[in-house]
Enquirer: 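Below: one structure in structure tokens.
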Amino acid sequence: MRVFNFAAGPSTLPENVLKQAQAELLDFAGTGMSVTEISHRDKAFDAVVKEAEALVRKLLKVPDDYAVLFVQGGASQQFAAIPLNLMHNGKADYIVTGNFAKKAWQEGQIYGEAVKLADTSDKTYTYIPDVKALNYSDDADYCHITSNNTIFGTRYIEFPDCKAPLVADMSSEIFSREIDVSKFGVIYAGAQKNLAPAGVTIVIAKRDLIQNPLKICPTLLKWKVQDENGSLYNTPPCFAIYMAKLVLENLDKNGGVKAINEINEYKAGLLYDYIDNSTFYTNSVVKQFRSIMNVPFVTPNAELDAKFVAEAKKAGLVSLKGHRLVGGMRASIYNAMPVEGVKALIEFMKKFEMENK
Ligand SMILES: *Cc1c(COP(=O)(O)O)cnc(C)c1O
């Protein structure tokens, strides 16, 4: 039986997409081979990469002067690629709103002066700072943010309007809400949260920013090289790119980002409303910054939290355990989580509350 999977990443994928991949597995596009067996130089695979790129461009309305790249190494590898491609003056601003934001900032320090503009760990990362009140560096090469904080369940509502190019880690929310790409210098996202299996990372970068990577930048991390080679400089993560293409086709068919955003807001609204009206469950994120993708919550004590996770699993609601840094529970309700999954979770929460209050 297929369960409702609330994992933060790798995470649930649309069932119809999985079925399509299954149906095409032994004979992809009339090649008599699976997509994992054909050459990445085969024209059948070249078409996959080109279609995936075209779908990213269409769904996010990416301007023509931006590169769309499919690279490896996860979002974490991009923590290094960012300074290696952009840090010409040796200085960048970082807004630290969670664990991944902190890791990006720490990686930035290897290559130059990584200025921490704000750090919300004072309140266990339960809010986003006022981006209008921050003291941006005049000579920064870029300003880095994490737009949705996967572990702590926060997201930016308003983005910094800084002079330096804005670089955003959107791993856990890309394609979940509409964004104005032209406001960003670089957007990047590991696929395994809201897009595809692990193995591919999307980078969307304004081309005029990426023409002069630092001398020490490894060839594979040079966005310019990836762009000039259509993400095929070396063997790409073929299967993950293929799956991303199927997921994006499916999203496009179902009304695109605007339509899925309405569903995402509805799903998150159901869950937060239930939590807020309950005297048993708590979510401690400042309301205006609540993520619509990752919803952390707790019961009155850690013992009940553990019981909740175990019993939910038996009821077919899996991977609800919170991140080890915060404990409790976390429901990741990405694009592929159906409304019925969230409703089933709420029904389970009601029952658990009644039995354990
Ligand atoms: C998961 C995640 C990462 C790390 O991704 P990897 O692909 O494991 O390197 C980075 N940033 C955010 C916001 C994430 O959710």
Side-chain angles (χ1 to χ4, degrees), residues 5-13 69-84 94-108 110 114 119-121 124-128 142-157 159-160 166-177 179 184 186-204 218 220-221 226 231 236-237 239-241 243-244 247 264 268 285 289-296 319 321-326 330-337:
N5 172 13
F6 294 91
S11 41
T12 191
L13 289 166
L69 313 173
F70 300 100
V71 299
Q72 306 201 51
S76 303
Q77 180 68 288
Q78 296 306 309
F79 297 167
I82 292 156
L84 284 164
Y94 282 80
I95 304 180
V96 177
T97 53
N99 204 45
F100 292 115
K102 185 175 164 191
K103 285 185 170 163
W105 168 67
Q106 287 168 333
E107 193 79 16
I110 296 173
D119 182 335
T120 61
S121 62
T124 45
Y125 300 120
T126 50
Y127 70 102
I128 300 294
Y142 59 87
C143 173
H144 181 278
I145 63 165
T146 308
S147 65
N148 183 82
N149 296 279
T150 323
I151 297 173
F152 301 93
T154 60
R155 67 162 173 168
Y156 283 72
I157 299 303
F159 294 110
L166 186 59
V167 175
D169 178 355
M170 296 197 179
S171 293
S172 49
E173 69 154 357
I174 195 160
F175 301 109
S176 73
R177 60 168 159 166
I179 44 158
F184 297 83
V186 178
I187 290 168
Y188 66 104
Q192 73 274 24
K193 310 287 165 64
N194 207 22
L195 181 61
V200 65
T201 299
I202 291 189
V203 177
I204 301 169
L220 273 176
L221 296 191
Q226 295 288 1
S231 300
F239 189 71
I241 294 174
M243 288 296 291
V247 169
N264 288 333
V285 171
F289 302 120
R290 282 172 164 178
S291 169
I292 59 169
M293 297 276 97
N294 310 99
V295 182
S319 303
K321 192 170 189 301
H323 190 274
R324 63 197 141 79
L325 288 175
V326 287
R330 170 178 50 179
S332 292
I333 49 174
Y334 296 122
N335 286 359
M337 173 58 64

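First listed ligand is number 1; within each ligand, the first listed atom is number 1. Computed from heavy atoms alone, side chains included, the values below leave out hydrogens, waters and symmetry copies. All values reported here derive from a predicted model rather than from experimental measurement. For this chain, numbers begin at 1 and follow the sequence in order.
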Enquirer: Going through the distances and angles, do N149 and T154 end up as a side chain to side chain donor-acceptor pair (under 3.5 Å)?
Expert: CA-CA 5 Å; N149 296 279; T154 60; 2.9 Å; yes
Enquirer: Quick check: closest heavy atoms across S147 and M170, and the distance to 0.1 Å?
Expert: OG-CG, 3.2 Å
Enquirer: Scan V200, L195, L13 and name whichever one has a side chain to side chain contact (heavy atoms under 4.5 Å, CB included) with M243.
Expert: L13
Enquirer: Please say whether A75 places an N or O atom under 3.5 Å from an N or O atom belonging to ligand 1.
Expert: yes
Enquirer: Give the numbers and elements of all ligand 1 atoms closer than 4.0 Å to a heavy atom of K193.
Expert: 1 (C), 2 (C), 3 (C), 14 (C), 15 (O)
Enquirer: If the cut-off is 4.0 Å to any non-hydrogen atom of T150, which atoms of ligand 1 fall inside it?
Expert: 12 (C), 13 (C), 14 (C), 15 (O)
Enquirer: For atom 4 (C) of ligand 1, grab the closest protein heavy atom and report residue, atom and distance to one decimal in Å.
Expert: F100 CE2, 3.6 Å
Enquirer: Among all the protein's non-hydrogen atoms, which is closest to atom 11 (N) of ligand 1, and how far away is it?
Expert: D169 OD2, 2.6 Å
Enquirer: Below 4.0 angstrom from a heavy atom of T146, which ligand 1 atoms are there? Numbered from 1 as shown, please.
Expert: 13 (C)
Enquirer: Among G199, S76, A8, which one puts a heavy atom closest to atom 9 (O) of ligand 1?
Expert: S76
Enquirer: Measure the distances from the heavy atoms of G190 to every atom of ligand 1 and state whether one is below 4.0 angstrom.
Expert: no
Enquirer: At a 4.0 Å threshold, what atoms of ligand 1 neighbour a non-hydrogen atom of G74?
Expert: 7 (O), 9 (O)
Enquirer: Can you find an N/O atom of N148 closer than 3.5 Å to an N/O atom of ligand 1?
Expert: no
Enquirer: Out of S171, S172, S176, which one pairs with N148 under the side chain to side chain contact (heavy atoms under 4.5 Å, CB included) rule?
Expert: S172
Enquirer: Parallel, tilted or perpendicular: which fits the ring planes of Y188 and H144, with parallel below 30° and perpendicular above 60°?
Expert: tilted
Enquirer: Show which atoms of ligand 1 fall inside a sub-4.0 Å distance from at least one heavy-atom site of Q192.
Expert: 5 (O), 6 (P), 7 (O), 8 (O)
Enquirer: Which atom names give the shortest non-hydrogen contact between N264 and I333, and what distance separates them?
Expert: OD1-O, 4.3 Å
Enquirer: At a 4.0 Å cut-off, with the gap strictly under it, does some heavy atom of K103 reach an atom of ligand 1?
Expert: no
Enquirer: Before giving the answer on side-chain contact (heavy atoms from CB on, under 4.5 Å), spell out for V203 and F70 the whole-Å C-alpha distance, their side-chain angles and the decisive distance to 0.1 Å.
Expert: CA-CA 7 Å; V203 177; F70 300 100; over 6 Å; no
Enquirer: Show the nearest heavy-atom pair for residues A75 and G190, with the distance to one decimal.
Expert: CB-N, 4.1 Å
